[in-house]
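Encoded as structure tokens, the structure appears first; notes follow it.
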There are 2 protein chains.
Amino acid sequence: MGVTINDVAKAAGVSASTVSRVLSDSPRISKKTKMKVRKVIEELEYYPNFIARSLASNSTNTIGLVLCTEAHYLIHNSFFIQAMTGISTYAQENGYNVMYAFNKNEEEDLNIAIKYVSSKSVDGIILFASRVNDKCISYLKKEGFPFSVIGRPDETDGVLWVDNDNFQATYQVTDYLIRDGHTNIAFIGGPAGFNVSKDRFEGFKRSMYVHGLDINESFIFLDGDFSSEFGYECMKKLLENESQSLPTAVVTCDDMQALGVLNALSEKGIDNIAVTGFNNNLLPGINRGAKFTSVDVNAYKLGYYAAKVLIDNILGKEGTPTHYIVPTSLAENKL
Amino acid sequence: MGVTINDVAKAAGVSASTVSRVLSDSPRISKKTKMKVRKVIEELEYYPNFIARSLASNSTNTIGLVLCTEAHYLIHNSFFIQAMTGISTYAQENGYNVMYAFNKNEEEDLNIAIKYVSSKSVDGIILFASRVNDKCISYLKKEGFPFSVIGRPDETDGVLWVDNDNFQATYQVTDYLIRDGHTNIAFIGGPAGFNVSKDRFEGFKRSMYVHGLDINESFIFLDGDFSSEFGYECMKKLLENESQSLPTAVVTCDDMQALGVLNALSEKGIDNIAVTGFNNNLLPGINRGAKFTSVDVNAYKLGYYAAKVLIDNILGKEGTPTHYIVPTSLAENKL
DNA sequence: CATAGTTGTTCAAGCGATTGCACAAACTTA
DNA sequence: TAAGTTTGTGCAATCGCTTGAACAACTATG
């Protein structure tokens, strides 16, 4: 069926080990032999068997992705696909394959991780969006298995990770609003279990503090999810609370939340409240009337560097950083 | 380091082959031995080495995804991530891993396919969105390598594939509009070279015919692309043609086209024309004012069945269909 | 010219499972 | 009780490649 290394060896009149060493361009093989063997490889269209190679070298040249997320969240969030593209790009550049598995909850995540590690089907793992007290992280640490995390984990000691500076991101976008003249700013946060939620809220608070602005407690919504429904509800509450005036700007932690806010506003015919989101994910054309700014987290790069930091580490490259901070940028959205 | 089958064999006082047979639940092993061995496996936390198993059994229990697509297209199209989720689900249910690689053009696609096949790193391949005269398909056919295609290929002979019934889809959505009272309906189609474009137009025509409605030739736009620009232009033409009244509804073949139509309408402040799209891809809430219906192609199921048809075929399951038609459904879009 | 050091290649032992075949023990059957 | 079955287990080859160590053939050195 397939051409094996032995076929090549026979045809070239050398031993299999020589062929193997030609393949890995070993300095112990003479130029002449290399040329000869390479010609035969070409002629026979020989391609090394990936599995056999893995078994012998005790490495699979494959990394595994563990993504836990609920279906509806995925569907309108390009974050994952962008990050996966970034991962795939760096992996391919370095001869690595990428495996993925979508899971529905933390337990499934852990099971997949255990499976990957125990069956030795991958050389390293990339974790998406670390939770507080992430079980996968504890497990992988305990096993001493190479992994990197997209999203800063609780405990960065000895962990490879990439993230935005989420503190900086909300600090920046809040600062941007304040410079634009806003003083009454509402904040809609993410799920309490994620570090990203905490950081984004802190950045917001800090920016307000630095500018000497008070935070109106009734303008703050924490521990929701990253959905448009949550954004909608929060904005509704703001609109219904007649005991006080409205904010002039709303900082949200996700474009979907922002969308919900925009919809609530549009229902009331309000178009003079500035809204900001995260991920730069909304379609151009969506936003007519209200002004909308999104923090682009650069998911492609997050993925790319998550793969880089992991693969470089596996390969034992010298001077590889243990983490990367991928810069965010502000994206103005209009048709 | 890791526990091997030999460790288990030794600890259980049997041979490695017996352990292997216990693992595959061979009927040739007695209940008593199975119990004993299983207990040891449990105790030692033994997990079979995936690679070794693959080498010995000459199968990787892995399928590879070949996705060619341009970055910007990915970003706002949830089709891929949904399909990938469906694939992952069926694969996991059947003990298969999934590898993916994003490519930028047909050549890269082919290279990845060649790599997967030649290095024997996967047991089968899923191709996304077949092109006309797809090189990957020809190659895989020539090699006799198992693969399935999402999107009906030119030549279905001996090919595993899944797709929607595109005729039925536009038939249904047109029917829906007609029952809603519309009689003057415009149609915006896709690129001429694709079967999907033809089928969707036929479905539209058939529905009009069945309801005894005339098709206004100036309401028909064929051979455009699936872009919002094309949708925008077509709608512009309709709006500018003062020699006749406007349609009351517009059937488009993609949500992006629909978005263009909606934008053209919104510019004129028109909100009483019904618009339909494909893919159910626009964010809920995008559409304020105009009514918007999308044909949900059910990408998750397309992926799920693409995996099913492939894996079942690899496993040689009896009576596996060679293709599936995944039903579409209508999705009303509102917040 | 014998000895030591290079250089290039082969040998053979893994890597960790699967699986056809042989064989021993237990059970039928005549 | 001997011969024939059935049942359960082990032996050993195999999958295709990598790699440390051995070795042969040269080249340099004193």
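The chains referred to below are lettered A, B, ... by the order of the sequence lines, with proteins before strands, and numbering in each begins at 1.
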Notebook entry, point to check: Do other residues, nucleotides or ligands put more than 12 heavy atoms under 6.0 Å from the NZ atom of A/Lys317?
Noted result: yes
Notebook entry, point to check: Among all residues two or more places apart in sequence or in another chain, which pass the side chain to side chain contact (heavy atoms under 4.5 Å, CB included) test with A/Pro321?
Noted result: A/Tyr324
Margin query: What residues from residues 18-25 of chain B pass a heavy-atom cutoff of under 4.0 Å to DNA chain D?
Written below: B/Thr18, B/Arg21
Next item on the list: Indicate, with a heavy-atom threshold strictly under 4.0 Å, whether A/Phe50 touches base, sugar-phosphate, or nothing.
Entry: nothing
Next item on the list: Give the nucleotide from the list D/dT9, C/dG8, C/dT18 with an atom nearest to the side chain of B/Ala56.
Entry: C/dT18
Check: OP1, OP2 of D/dG16 versus side-chain N and O of A/Thr4: anything below 4.0 Å?
Finding: no
Check: Given side chains that start at C-beta, do those of A/Ile41 and A/Leu23 come closer than 4.5 Å, heavy atoms only?
Finding: yes
Using a cutoff of under 3.5 Å, can you pull out all pairs of nitrogen or oxygen atoms linking the protein to nucleotides 22-26 of chain C, with atom names and distances?
none

Margin query: Using side-chain heavy atoms (C-beta onward) and a distance below 4.5 Å, is B/Asn97 in contact with B/Phe50?
Written below: yes
Next item on the list: Using a 4.5 Å cut-off on heavy atoms from C-beta on, say whether the side chain of A/Thr85 contacts that of B/Phe80.
Entry: no
Checklist line | Pairwise 5' ranking along DNA chain D for B/Lys32 and B/Asn58, keeping only the more 5' one | finding: B/Lys32
Next item on the list: Look at the side chain of B/Ser17 against the base of D/dC11 and say whether a donor-acceptor pair falls under 3.5 Å; ignore hydrogens and angles.
Entry: yes
